[in-house]
Structure formats: structure tokens, C-alpha cells
Amino acid sequence: MSANNQAAQAVHNWWSNHSEYYRDAFVYDYQSIWRGVEPPDEEIYWRCYYRALTCFLRTDPESIIDRRKLLYSYVKSEYKTEHAHDTLNRYRKQLPVDSTVRRVVRNICTAYDAVPDRMFSDDERVQTVMDDLYSQLNMATQAQRIYHRARLTGMVAARPVYRAGKWYLDFMTPDEFMLTADPDDDRSITAFTYARSSNEGIEYVTWTADNIITRGYNGKEKRVDENPYKRIPYAILRLADDDGVYTGGMFELVESQLDVNKTKWQATVNVTFAGSPVWVATNFPDGDIVISPDRVIVARGVTLGEGQDVPPQLDAVTPESAYEAIQDHATNRERQMQMAEGIPLSMLTEQGNPPSGVARMIERMELTEMRYSDQRHLRSWEKELAKLTALVADTDAGVAINPDSVDVDVSYQDEPVTMDVKEEYELDKMKLADLTMSADEFYQKWAGVSDITEELPKRRAKLTLIGGAVSTPQPPATDPE
């Protein structure tokens, strides 16, 4: 076998072993996009994988098309697809595009629901400059968007950009870029490449620590510019400790979503067939044979025994509807997929009151642990992003700031633990008795007054209304603090 044939066979074998439905859905798109740089098959495979993840978080029109392409590839092995009138082909543009994935990601990713406190430096000037830069970057919104995508895909690359007097925080998910790593260290990125549109069509931009290399769609170099930052200007947020250049992401969640959408599609098909009888034409003249609701199944040459033709007849068949049962299965599957990602049951049901206090903490323990793990990675990413922002400001915007003077410390706000009012009141009474809560704090919280010498009977009356018929302990004569 020639060397070319061996290479072709190796490619064929590789794809045969990596023929997942998401590869089938998107491989031709990415082979076309990246044709000019001729990436390894494994890189195309990763792009298909990540696009399957991101399409359920994006809301642009292209994401709707992607979800249908993905679901079609997911279910087509179970259905006939040879002819245009086959059921799956006829319903292709109506396949469900539901995305509970966004809800799951929002429920997990609360670190940026409130703007965190950031301490960039003890130097007041540096702190003021960085606060202003982050305001112009719209970090309050962009950080949350980046976090959501990184939670789903495992990684996102972010770059602060100063262009035409304005600041932007650009970011890309891993279906949009390729990484080249040091052979001895997967986390040491030596090249960052992405495709972009230009007046001449698609072109490819590669950042290294030294240069910015631009290639045309034919793969030939158009120009090489010096990298003014002397580093790749992307801060990569990774929310996993996986080995390798790329990280895995929440693929189980996306696959569960596909299973839910498949079930919803089956329910739609079922109710459509049940609502429209199928006509069976026996021994009628020649014509097209088509099976679908509101159409005809043509059967010819039907006989009774040997040589006895059945006279022409027309019958209507109405399939039995199982719509409600199928929909119930989809609903239960949807709930299971959310609980599998740590979403507590109380967040999924509309009945009853959610637990409070210790019960709430126990119920949300898995979710809380996941959030704390994310915060560890987010803090590391924020440190790199802050230094990179200072570097770009100093290089491009003329802001005199030394990146080495920036070392951000981020404090995220934890979700408040709510308690039943009587339980909280009794707990504060014990704190007051144990001198772990001051009298001023206690009466300020529960009676709305700060001076404990003021109208004690009125305060006790208010406390009785709040806590019920309880005996309020006499506060200490002096503040324990």
C-alpha cells in the first residue's frame, strides 16, 4: 500500500472510531471553515463536540439550525431517511429546539449575579484605574456570560480589546478557536488560532508570543506582524482540572437535552398521526405510495387464498394516541437531567415552600460545592485577566499602569441562607444570652431601635408580635462588646 493510501486509510479508521452524531452534524461545516490551515482530524472532531455544547446556550438563529441538525443526527439511526417523504425528513424543520440547558447553567452559575468586590491593589491610584477599566469593559455583564459558557464547555478564551477609543471584552468558546500547546506541558499554550471573515473571505489569525500571523483561505501567509504584548493576549478560563489541551464540559447534560427533545418530537408525531387518519387503498390503480397522516397507503395485488383478488376497498386507520404518556416521560426526564447536575428538587417544583436554614443547606450541598469549585477557577482566571487588562491599557490606550502592580483579590457573594422567622428569632435569643450578639444588634434587628434604654415595653411588644408569645431575655446592663 502506498504512503498516500496508508494515510487515507489512517484518516478513515480515525473517523470510523470517532463517528459520534455531533461529528456527523457539523463535520462538513468545520472542514469547510478550516480548510486553509488543514488541521488534524482530531481538531475538527473537538470543534464538532464543542458546537454541540454551545448551540443549546446560544440564542442566535444559527443556534436553532444547529439544534435541529444535532437532533436529526441523534435520532436518524432509528428511522428511515432514504426518501424525502420519510417522516424524519419531512419533520426536519419542525424538530424541537427546547433548551433546559440554559436554566441549569443559570441556576449553577450565580457567582456574578451580584457584582463581586475586587481589590486590585493597595495603591489607590491603581485601584481607581482598574475600577474604571472594568466599568468600560462592562465586566458586570460580560463576566457572567463568559462564566455561563465556560461552565457548559469547560473553557472560554477572553481578551480585553481597546479599539477606536472604546473598550471591549471579546470572548470565544472552543468551537471557535484552536490551541497549540507545548509538547511537554498541555497547559502551556504556544499558539492561538481562529478564523474570521474579511473582504477576501475567510482568513486565519494565529497569535504567538512573538508574532501575529495572518493567512488567507488558501493557507498562504498574507502578513506577519510583531506581537506588541509579547504574550498571547487571551486569558483562558478553565472550569475543570482535566489533563490535555481541551476540557470536557457538561456533555451529559446536552445529551440528556437531546433525549428530552427526541421524546417531545415523538409526542408531536404521535398526536399528529392520531389526529389525522391514514387511508389504506387496497387493489387500487397504480399511483405513488406514501405513508403519513392525511395521506394514503396503497396496497396492490392483495388476494384471498390462491388467485382470488380482493375487490378494491378504502379503509381509514386512526392510530391510538399516547401523547400524554410520552409528554409525561419527557417531563420526568427533564427533571432527572436537572437533578443529575445538582439542581435541588425544591427549585424544580412549583408547589410547597422551599426549605430554609439547615435543611436548605443540606439540600443544596452538591450545588454549593460545585459553585465553590468554580470560584476557585474563576479567581485564578480573574488574576490573569486583570494583569492582561493592565497590559493592554498600558500598550494600546496610553494608560500608565504596570501590570505587575495588579493582583486582584475577588470576593464573591454567597447565596444567603434564609431561615424560618421564629427559628431565626430563637437562635438570636441564644446568641444574646451567650453574649455572642450585642444587645444593640439584637434590638436593632428585631425591634428597629438602636438605643436599648428607649421604651422597653414598646420593644417587647414588637418582639412578641414577631416571635409569638415568648419571653424575651433581659439584655445585659452594658454592651458585651
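Quick note: numbers below take in every heavy atom, side chains included, and nothing from hydrogens, waters or symmetry partners.
For Glu78, the CD atom sits in a packed shell: over 12 heavy atoms of surrounding residues, nucleotides or ligands are nearer than 6.0 Å. Annotation: Asp122, atom CG; neighbour count of heavy atoms from other residues, nucleotides and ligands within 6.0 Å does not exceed 12. Atom NZ of Lys222 is surrounded by more than 12 heavy atoms from other residues, nucleotides or ligands within 6.0 Å. Dense packing is recorded around OH of Tyr79, with more than 12 heavy atoms of other residues, nucleotides or ligands lying under 6.0 Å away. Under a cut-off of 6.0 angstrom, the local environment of CD in Glu38 is sparse, with at most 12 non-hydrogen atoms contributed by other residues, nucleotides or ligands.
Atoms CG and CG, on Leu391 and Asp404 in that order, are 9.5 Å from each other to the nearest 0.5 Å. Note that CZ of Arg51 and CD of Glu176 are 10.0 Å apart. Values are rounded to the nearest 0.5 Å. Here the CZ atom belonging to Arg145 is positioned 14.0 Å from the SG atom belonging to Cys109, to the nearest 0.5 angstrom. Annotation: the span from His377 atom NE2 to Leu239 atom CG amounts to 6.5 Å, rounded to 0.5 Å. Distance CE/Met119 to CG/Asp409: 8.0 Å, rounded to 0.5 Å. The structure places CE of Met130 at 8.5 Å from CG of Leu137, a figure rounded to the nearest 0.5 Å.
Side chain of Asp394 to main chain of Asn402: no donor-acceptor pair is present (N/O by atom type, distance under 3.5 Å, no hydrogens or angles). For Trp167 (side chain) and Pro160 (main-chain N/O), no donor-acceptor pair under 3.5 Å exists by modelled atom type. The backbone N or O of Glu369 lies less than 3.5 Å from no partner atom in the side chain of Ser373, so there is not a single donor-acceptor pair. Although no hydrogens or angles enter the test, the distance criterion places no donor-acceptor pair under 3.5 Å between the side chain of Thr247 and the main chain of Gly249. For the pair Arg67 (side chain) and Cys55 (backbone), a donor-acceptor distance under 3.5 Å is present. Judged purely by atom type and a 3.5 angstrom limit, Arg151 has no side-chain atom pairing as donor or acceptor with the backbone of Val105. The closest donor-acceptor contact from the side chain of Arg371 to the backbone of Ile108 lies under 3.5 Å. Here the side chain of Asn227 pairs a donor or acceptor atom with the backbone of Thr208 at under 3.5 angstrom. Panel note: side chain Lys387, backbone Asp407; no donor-acceptor pair is recorded below 3.5 Å. For Thr331 (side chain) and Gln327 (main-chain N/O), a donor-acceptor pair under 3.5 Å exists by modelled atom type.
Residues Leu237 and Leu378 meet the side-chain proximity criterion, which asks for heavy atoms closer than 4.5 Å. At least one side-chain heavy atom of Trp207 sits under 4.5 Å from a side-chain heavy atom of Arg159. Within the 4.5 Å cutoff, side-chain heavy atoms of Ile401 are placed close to those of Val126. At least one side-chain heavy atom of Leu258 sits under 4.5 Å from a side-chain heavy atom of Leu70. His148 is not listed as a side-chain neighbour of Arg102, based on a closest heavy-atom distance of 4.5 Å or more. Residues Trp381 and Met155 have side chains not in contact (no heavy-atom distance under 4.5 Å, counting atoms from C-beta outward). No side-chain heavy atom of Val104 sits under 4.5 Å from any side-chain heavy atom of Gln257. Between Ser63 and Leu57 the shortest side-chain heavy-atom distance does not fall below 4.5 Å.
Between Arg231 and Glu384 there is a salt bridge, since a side-chain N of the basic residue sits under 4.0 Å from a carboxylate O of the acidic one.
The shortest non-hydrogen separation linking Ile189 to Ala191 is CG2-O, 3.4 Å. For the pair Ala330 and Lys264, the tightest heavy-atom approach, listed with the atom from each and the gap, is CB-CG, 4.0 Å. Minimum heavy-atom separation, Gln127 to Ser121: OE1-N, 3.4 Å. Closest approach of Phe120 and Asp131 over heavy atoms only: CE1-OD1, 3.4 Å. Contact record, Tyr30 with Ile44: O-CD1, 3.7 Å, taken as the closest heavy-atom pair. Of all heavy-atom pairs between Val408 and Arg118, the closest is CG2-CB, 3.9 Å.
Side-chain atoms of Tyr45 and Glu20 include a donor-acceptor pair closer than 3.5 Å. Using a 3.5 Å distance cut-off with no hydrogens or angles, the side chains of Asn270 and Gln266 do not pair a donor with an acceptor. A donor-acceptor pair shorter than 3.5 Å can be found between the side chains of Asn89 and Tyr72. Side-chain contact, Gln142 with Tyr112: no donor N or O sits under 3.5 Å from an acceptor N or O. Side-chain atoms of Arg335 and Gln338 include no donor-acceptor pair closer than 3.5 Å. Using modelled atom types and a 3.5 Å distance limit, the side chains of Arg333 and Ser256 yield a donor-acceptor pair.
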Dump the intermediate steps for side chain to side chain contact (heavy atoms under 4.5 Å, CB included) on Val260 and Thr100, then the final yes or no. CA-CA 9 Å; Val260 168; Thr100 305; 5.7 Å; no
Might you work through the side chain to side chain contact (heavy atoms under 4.5 Å, CB included) test for Tyr49 and Val254, ending with a clear yes or no? CA-CA 11 Å; Tyr49 170 84; Val254 167; over 6 Å; no
Given side chain to side chain contact (heavy atoms under 4.5 Å, CB included), test Asp29 with Lys69 step by step and report yes or no. CA-CA 12 Å; Asp29 294 341; Lys69 288 168 67 174; 2.6 Å; yes
Just do the side chain to side chain contact (heavy atoms under 4.5 Å, CB included) check on Leu169 and Asn138 with the steps written out, would you? CA-CA 8 Å; Leu169 185 60; Asn138 193 21; over 6 Å; no
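Between His85 and His83, the ring-plane angle classifies as parallel under the 30° and 60° cut-offs. Using cut-offs of 30° and 60° on the angle between ring planes, the pair Phe177 and Phe192 is parallel.
In this view, Ala195 and Ile33, Trp34, Ile202, Tyr204 satisfy the side chain to side chain contact (heavy atoms under 4.5 Å, CB included) rule, not counting sequence neighbours.
Checking Trp265, Tyr21, Tyr22 one by one against Tyr74, the ring-ring contact (aromatic ring centres under 6.0 Å, His included) holds for a single residue, Tyr21.
Annotation: cation-pi pair Arg163/Tyr168 present, NZ/CZ under 6.0 Å from the ring centroid and within 45° of its normal.
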